[in-house]
2 protein chains.
Amino acid sequence: MRTAREPHPKDRLLRTASRLFYAEGIHAVGVDRLVTEAAVTRATFYRHFPGKDDLVVAYLKAASEAIREVVGRVRKGKAPREALIATMSVIGDATCEDDFRGCRFLNAAAEYPDPGHPVRAVIDDHRTWFLGVLRDLAADLGHPDSDHAARVLVLLRDGALHGGELDDPAVVRETLRRAVEDVIPH
Amino acid sequence: MRTAREPHPKDRLLRTASRLFYAEGIHAVGVDRLVTEAAVTRATFYRHFPGKDDLVVAYLKAASEAIREVVGRVRKGKAPREALIATMSVIGDATCEDDFRGCRFLNAAAEYPDPGHPVRAVIDDHRTWFLGVLRDLAADLGHPDSDHAARVLVLLRDGALHGGELDDPAVVRETLRRAVEDVIPH
DNA sequence: TAGCAGAAAGACCGATCGTTCTCCCTAGTG
DNA sequence: CACTAGGGAGAACGATCGGTCTTTCTGCTA
């Protein structure tokens, strides 16, 4: 039976995958769990995705899309300095959300060691995009070495996204906020 | 038959576990694979470890011990500033090593979502230790806010250890080096 | 020399892995 | 009305998962 909110089985699969993969890890969630919680049959699963790995790729692509949308939104209409701070604040705020469990992409990378795997391609693509965003912002800000600044911000991002899970999220957010202010010229 | 280099089956298991868990992920390596590559039988495995999780804990504890030994060594006899730089250089250098595949502890955390799991306890312990080391070093250095400085260094550490796997290790090392110099007073 | 602990070898357990299959039902379209 | 595509239900595939078992052999020590 199709509900009004999630009419298509494919959408239900993607939403369920996003929730379970993030909360419990990718290898830890089997196809059985997936189809049961999505209220979809195995046949339907394999009608929409050639295999589990393709669902993983779709999951990460959707996550990347969602983040790009959020980052694009918080930057809109802001001056360079505020835009950069807002962009990095998205990271800090994320660590403080309920059910935060680190970065989807870093977590996935830990489970897919092969650099040539399609999953890694999605991860690389996302990271390249984010580095580019930060570099552009730093350049707009007139930073003397925008490339270096962007790379430091990426270090802080990656660190915060893991520290936020393992350490105190509020402290991590504040640490990140201050660190970002130290990186950009004032 | 016992070889001269690794006489004890338990040692062989631990070394093999360290290699395989790090290179391919923990859940991805089964007990079959483990005992085959360690040239040990299943019975021997379960004679030394109650279960696979106990081997994982032993693996991470050994890794933590090794890192504490290295960090202790590079600090020895150095002035505070050089000691801190040397300590953080260990991270940057690690990213450039062959077969580097990120932080053993962050990778393990990604595979063990339950914060109450014994594996997570080892991870938390290691992180607490390292944060303490950096805080002491920053305090010795006379940093006005050694706690904050240490937390920023941890962010950079975590970020570098993941960026080193996903991005260009040499660039990450240089980015980390410059970032560390910006954190400590000069 | 006798005894025993530890390791080798491998069969075996139920459960789960990702994947494929058949059969039936229903909604939408010609 | 007939046709068809897509989803529901569930059995089944071989492989592997973590874990237990029995049996045999070896090397050390009392």
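Proteins get letters first, then strands, A, B, ... in listed order; numbering begins at 1 in each.
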Using ring centroids (six-membered ring only for Trp), state whether A:His27 and A:Phe21 fall under 6.0 Å. no
Anything under 30° is parallel, anything over 60° is perpendicular, the rest tilted; go ahead and classify A:His162 against B:His162. parallel
Do B:Lys52's NZ or CZ and the ring of B:Tyr46 fall within the cation-pi criteria of under 6.0 Å and 45°? no
Under a 4.0 Å heavy-atom cut-off, which of residues 21-28 of chain A touch DNA chain D? none
Does one side chain, of A:Tyr22 or A:Asp99, offer a donor that lies under 3.5 Å from an acceptor on the other? no
Pairing residues for A:Asp124 by the side chain to side chain donor-acceptor pair (under 3.5 Å) criterion, not counting sequence neighbours: none
Taking CZ from B:Arg12 and C1' from C:dA8, how many angstroms apart are they, rounded to a whole number? 11 Å
Tightest non-hydrogen contact, residues B:Ala39 and B:Arg12, listed as O-NH2, 3.1 Å
For B:Val35 and B:Thr41, which heavy atoms make the closest approach, and how far apart are they? CG1-O, 4.1 Å
Residues touching DNA chain D, which here means a heavy atom under 4.0 Å, drawn from residues 30-42 of chain B: B:Gly30, B:Val31, B:Asp32, B:Arg42
Cation-pi check, A:Arg157 to A:Phe130: give yes when NZ or CZ is under 6.0 Å from the six-membered ring centre and within 45° of the ring axis, no otherwise. yes
Using atom types as modelled and distance alone, determine if a side-chain donor or acceptor of A:Lys76 lies under 3.5 Å from a backbone N or O of A:Gly72. no
Expected output is a numbered-order residue list: members of residues 46-59 of chain A with a heavy atom under 4.0 Å from any atom of DNA chain C. What is it? A:Tyr46, A:Gly51, A:Lys52
Contacts table for residues 57-64 of chain B: side-chain donor-acceptor under 3.5 angstrom, sequence neighbours left out:
from    : atom 1 : to       : atom 2 : distance (Å)
B:Ser64 : OG     : B:Arg68  : NE     : 3.1
B:Ser64 : OG     : B:Arg68  : NH2    : 3.4
B:Ser64 : OG     : B:His126 : ND1    : 2.8

Rounded to whole angstrom units, what separation is found between the CZ atom of B:Phe45 and the C1' atom of C:dA8? 16 Å
Between B:Phe45 and B:Leu55, what is the shortest heavy-atom contact and its length? CE1-CD2, 3.5 Å
Side chain B:Arg177, main chain B:Gly92, donor-acceptor under 3.5 Å: no
Extract from the structure each pairing of a protein N or O with an N or O of nucleotides 13-15 of chain D at less than 3.5 Å, listing the distance.
none

Tell me whether A:Thr44 contacts the main-chain N or O of A:Val40 through its side chain, where contact means a donor paired with an acceptor under 3.5 Å. no
